[in-house]
Amino acid sequence: MKDSVLVVNSGSSSVKYQLVDPESGVAIAAGLVERIGEPDGLITHHHDGVDREHRGPIPDHGEGLRLAFDMFAATGIDLTTAGIAAVGHRVVHGGEVFHEPTVITPEVLAEIRRLSALAPLHNPANALGIESAMRVLPSVPHVAVFDTAFFHTLPMEARTYAVDAEIAKAHGVRRYGFHGTSHQFVSGRVAEFLGRDPGTLKQIVLHLGNGASASAIDGGRAVDTSMGLTPLEGLVMGTRSGDIDPGLVMHLRRSAGLDVDAIDELLNRRSGLKGLCGVNDFRELRRLIDDGDEDAALAYDVYIHRLRKYVGAYLLNLGGVDVITFTAGVGENSVPVRADALAGLERLGIEIDPDRNARRSREPRVISTDSSAVTVLVVPTNEELAIARFARACA
Ligand code: ADP
C-alpha cells in the first residue's frame, strides 16, 4: 500500500476514486460514491474481485469519502495510516494559470474555485472534492491534475477565436482543450509501444468515449484539439452537440424563447447521439441500427462524418502523420467506428486491416496493414494511472 496514490474524480453529486500503484499500474481498489445529497445514496466499492455496496443518505462529499474510507477499512486498508504517497485530484479547468500538475495549497484551491466561471459544471465540484479529501487525509500531499494542462502549448492560431480581441481577453475567451491527461498518456504510450522517440512523431489521437475529442500532436507537443473554451466544441458526443453554427444559440433564444440555461442543457445533455436518436450509449446505438432504426443510422453517419472532418484537418495541419490512435470506450471497442472513420483513405497512405481491427484485446495493438504508410493503433487510455503518476512525481 505504501507509495500508492488515491485518485479522486469529484463531480457535482458523485465521487469516483481509485487506489493505484503508480509503478505497476495496478488498481488496488476502486469505487464510486453516487447520488450525494439525495436520500438514496450509493457507494460501490471494488477490491480483490469483490464488490461491496453501501446504501443510505450521503449528505455531502466529505461524508461520502468518509464512508468510502470505511469500506477500505473493511477490506483491511486503513488509508489514514497506510503510508500512501499522495492524493491526485482530477480538475477540469486550469485556465491560463495551471500548466502542470500542482500541489494544492489554500491559494491553489482558491484559484481552482475562481476558474469556476469557465467551468461552472465542473470546477466547483472538483474543489468540493479536494476540500473534503484534504480534511480526511490532512497529512498527505494533494495534487491537482488539470484536464486542460496538456493543451497549454496550442499555438496562438489554434487557440484563438476570431472574436473581438478585447472582449476575449477580458473574459478568458480562447480555446483551452480538455481530456488532456488522456491525450498525453495515450500519445506517450504510442511512442513507447512503437519504440520511437516521441519528439520524432506526428500523431492524431482520437479519444472517443461518452465525451469525445481529437488532438494533433507534433513531436510530443499538442498543436490542435477539438474541444475549446468548454468541452462542448468539436466531435459529436454521447449527449453533446459538438460543433454547431453559433448562430443556432441566438436563433433558439429568439425563435424558441429558450433562455441561456435551457440552451446550455439542450446542447450539453440532450444533443449529440442522444438528441438525434434517443440513446447515447454506443452499444445501444448499434443495436438500433441493426434493427433498422433510421434515426440511429443518421446519428451514426453524422458522428462518422464529423470525425473524418477532424482527421482530415489535422492531417493537413500536421503536414502528414505517422500514427493515428483510437482510445476510450468507443475508440477501444467499436470495430465499425474505427473502420468507417478511416475507410477509403488508401491514397493517403492509411490502410486498416479488417482482421486486425476485429481482434479484441486490452493491450495496445496495430490495426493497419503492414504496407500502410500511416500506423493506426488502438491504445487503451488510463486517466487514473496518469493522474497517479503525476501526483507521485509531484509529491
Ligand atoms: P466516459 O469516460 O467519457 O464516460 P468511456 O470512455 O467509458 O466514456 O466510453 C463510454 C462509451 O463507450 C459508451 O458510449 C459505450 O457505449 C462505449 N462502449 C463501451 N464498450 C463498448 C463496446 N464493447 N462496443 C462499443 N461501444 C462501447
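All ligand and atom numbering here is 1-based and tracks the order in the structure. All figures in this text were calculated on a predicted structure; none of them were measured in a lab.
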Quick note, side chain to side chain donor-acceptor pair (under 3.5 Å) partners involving residues 306-329, not counting sequence neighbours, are Asp243-Tyr310, Thr327-Glu332
Between Ser361 and Glu363, is there a side-chain donor-acceptor contact under 3.5 Å, judged purely by atom types and distance? no
Under 6.0 Å between the ring centres of Tyr17 and His45? yes
Listed by chain and number, what are the salt bridge (charged side-chain N to carboxylate O under 4.0 Å, His left out) partners of Asp218, not counting sequence neighbours? Lys202
Who passes salt bridge (charged side-chain N to carboxylate O under 4.0 Å, His left out) against Arg114, sequence neighbours left out? Glu111
Taking the six-membered ring for Trp, are the ring centroids of Phe146 and Tyr176 within less than 6.0 Å of each other? no
Heavy-atom contacts under 4.0 Å to ligand 1, chain-then-number order, include exactly Gly209, Asn210, Gly211, Asn280, Asp281, Phe282, Arg283, Ala328, Gly329, Val330, Asn333
